[in-house]
Protein chains: 2
Amino acid sequence: MSLRLDDQVCFGLYSASRAVTALYRALLEDMDLTYPQYLVMLALWEQDNRLVKELGSELSLDSGTLSPLLKRLAAAGLIERVRQTDDERAVRAALTDKGKALCERAERIPGIIGEAMGLDGDGLARMRTDLDRLTASVNAYRESLA
Amino acid sequence: MSLRLDDQVCFGLYSASRAVTALYRALLEDMDLTYPQYLVMLALWEQDNRLVKELGSELSLDSGTLSPLLKRLAAAGLIERVRQTDDERAVRAALTDKGKALCERAERIPGIIGEAMGLDGDGLARMRTDLDRLTASVNAYRESLA
DNA sequence: TCCAACTAAGTTGTGTACAACTCAGTTGCG
DNA sequence: CGCAACTGAGTTGTACACAACTTAGTTGGA
């Protein structure tokens, strides 16, 4: 398919993202986590007891995605949803012991991913910088449309 | 969220892909196309009358995704699904006149995307190469697991 | 020739994404 | 104070992705 270069980069992003997610799927299978669920767990391992709203802004996911996702993590016994007392609207996601324990089994994953991507430290760092810049640029452009 | 660098690159890919898709969504809105639908239309504008199987291998999508997607494109009057006579299992997607005409309205899109990404020609080319390499590497690793 | 293995497409079920909406709770301002 | 505007979370509906399965049609080898 001979797309214009701009379209090719977008298709490249789409393909790369799906390929990486597919690898995560294989690695997360025995932990019964999807990639977005893993991202939420990472955020909670980093800092427990987060507001749904905080998780949303960190992962750029809205309540339409997070609410059912958190419900599934709760059903799996990995987190509990705690309604805040001083603001009855807000809900915090808190790790259970089982959720905390899962962290250990996840430790091997980043290394495997890094190996699979076939990039050295510099390559990884550069890719990350480039992607962040691109995302920021695209989001800024999108804001400017509204 | 201080992930390991490997995880950061993956989250960067995930974020970038979603940001770009969101921009496409805005640009494709008045054509009533989603990004995956646009990819299929691009493939057909490039070469009409493709087997579902061919579209699938080009976009790395299986029939579980393509069948309903093509059904929606057909319902919108952009394509027709033609069962092949020499192999009754195979189905070709063929552009209608309306589908062919839509090409013109899509012409402005790559330019806008390019501008939004904020990269020059070299930057785009390099990004595309890097992404393709990364996808190939990850997919190869994934194959090696099975 | 015959049928077991294969193949193309479609179906079903689960889990994101995301728009649009509801609902309960909070806040700021006249 | 009172209430309109706002906010956080959840719900509903649509459209991917993808695994697992079904169905119909094809093919190759005993």
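Order of the sequence lines fixes the chain letters, A, B, ..., with proteins taken first and strands second; residue numbering starts at 1 for each chain.
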Residue whose nearest DNA chain C nucleotide is more 5′ - A:Thr85 or B:Thr21: B:Thr21
Judged by each residue's nearest nucleotide on DNA chain C, which is more toward the 5′ side, B:Ser67 or B:Ala19? B:Ser67
Under 4.0 Å from OP1 or OP2 of [N]: is there any side-chain N or O of [X] that close?
X: A:Tyr35; N: D:dA17; value: no
X: B:Arg18; N: C:dC18; value: yes
X: B:Gln37; N: D:dA15; value: no
X: A:Ser63; N: D:dA9; value: no
X: B:Arg25; N: C:dA19; value: yes

Within the 4.0 Å heavy-atom criterion, would you say [X] contacts the bases, only the backbone, or no part of the nucleic acid?
X: B:Arg72; result: sugar-phosphate
X: B:Thr65; result: base
X: A:Arg81; result: sugar-phosphate

Tell me the interatomic distance from [X], atom [atom1], to [N], atom [atom2], rounded to whole angstroms.
X: B:Leu39; N: D:dC16; atom1: CG; atom2: P; result: 11 Å
X: B:Leu61; N: D:dC18; atom1: CG; atom2: P; result: 7 Å
X: A:Glu88; N: C:dC23; atom1: CD; atom2: C1'; result: 14 Å
X: A:Met41; N: C:dT16; atom1: CE; atom2: P; result: 13 Å
X: A:Glu54; N: D:dG8; atom1: CD; atom2: C1'; result: 12 Å
X: B:Leu66; N: D:dA15; atom1: CG; atom2: C1'; result: 13 Å
X: A:Lys71; N: D:dT11; atom1: NZ; atom2: C1'; result: 8 Å
X: A:Leu70; N: C:dT16; atom1: CG; atom2: C1'; result: 13 Å

Is a donor-acceptor pair below 3.5 Å formed from side chain B:Arg89 to base C:dT7, judging by atom type as modelled? yes
Shortest side-chain distance from [X], nucleotide among [options]:
X: B:Thr34; options: D:dC16, C:dT16, C:dT7; answer: D:dC16
X: A:Leu69; options: C:dT16, D:dA9, D:dT26; answer: C:dT16
X: A:Asp87; options: C:dT26, D:dA9, D:dT26; answer: C:dT26
X: A:Lys53; options: D:dA17, D:dG8, C:dG15; answer: D:dG8
X: B:Val52; options: D:dA19, C:dT16, C:dG10; answer: C:dG10

Between A:Ala22 and A:Arg92, name the one whose nearest nucleotide on DNA chain D is closer to the 5' end. A:Arg92
Rounded to the nearest 0.5 Å, how far does [atom2] of [Y] lie from [atom1] of [X]?
X: B:Leu66; Y: B:Glu54; atom1: CG; atom2: CD; result: 12.0 Å
X: B:Leu27; Y: B:Leu33; atom1: CG; atom2: CG; result: 11.5 Å
X: B:Leu39; Y: B:Leu44; atom1: CG; atom2: CG; result: 11.0 Å

Do the side chains of A:Leu95 and A:Leu51 join up, straight or via other hydrophobic residues, at under 4.5 Å, putting them in one cluster?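 No, A:Leu95 and A:Leu51 fall in different hydrophobic clusters.
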Determine whether A:Cys10 and B:Ile113 make a side-chain contact, defined as any pair of heavy atoms from C-beta on separated by less than 4.5 Å.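 SC-SC contact between A:Cys10 and B:Ile113 confirmed.
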Side-chain contact test, heavy atoms from C-beta onward, threshold under 4.5 Å: evaluate it for A:Tyr38 versus A:Ile109 and give yes or no.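 Yes - at least one pair of side-chain heavy atoms lies under 4.5 Å apart.
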